[in-house]
Amino acid sequence: MTAQPDPAAATITPYPDGPLVVRGDFAVTTPDGRQIDVRRRTIALCRCGKSAITPFCDGTHKALGFRIDSDPARADSANPAN
């Protein structure tokens, strides 16, 4: 039997060559620990580093031609659970 994820927990989905989409119950904080008021249960976080509204995505990655190495073997080796 496979354990089912907690439905109240957040999920993070990396979109190919795009943002990290976060859904569920989560908090976003600054590096010094202050909470950022999000007001949504779904957000997109920037991965290209060029968004004008960081840490959130504003679509700049498309204009930049931002690409992510999507080698599944690399992703598995970065995850100690695998």
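Side chains included, hydrogens not; waters and symmetry mates left out as well; all remaining heavy atoms used.
When L20, V21, V22 are each tested for a side chain to side chain contact (heavy atoms under 4.5 Å, CB included) with I43, only one passes: V22. When each of C57, C46, C48, P55 is paired with P19, the side chain to side chain contact (heavy atoms under 4.5 Å, CB included) condition holds for C57 and for no other.
Within the structure, the side-chain hydrogen bond (donor to acceptor under 3.5 Å, both in side chains) test picks out the following pairs touching residues 10-24 (sequence neighbours left out): Y15-R23.
To the nearest 0.5 Å, atoms CZ (R41) and CG (D25) are separated by 4.5 Å. One distance of note links CZ of R39 with CD1 of I36; it measures 12.5 Å at 0.5 Å rounding.
If you chain together hydrophobic residues whose side chains sit under 4.5 Å apart, F26 and I53 fall into the same group.
For T60 (side chain) and S51 (main-chain N/O), no donor-acceptor pair under 3.5 Å exists by modelled atom type.
Heavy atoms only, all atoms of each residue included: G18 and R47 are closest at O-NE, 2.8 Å.
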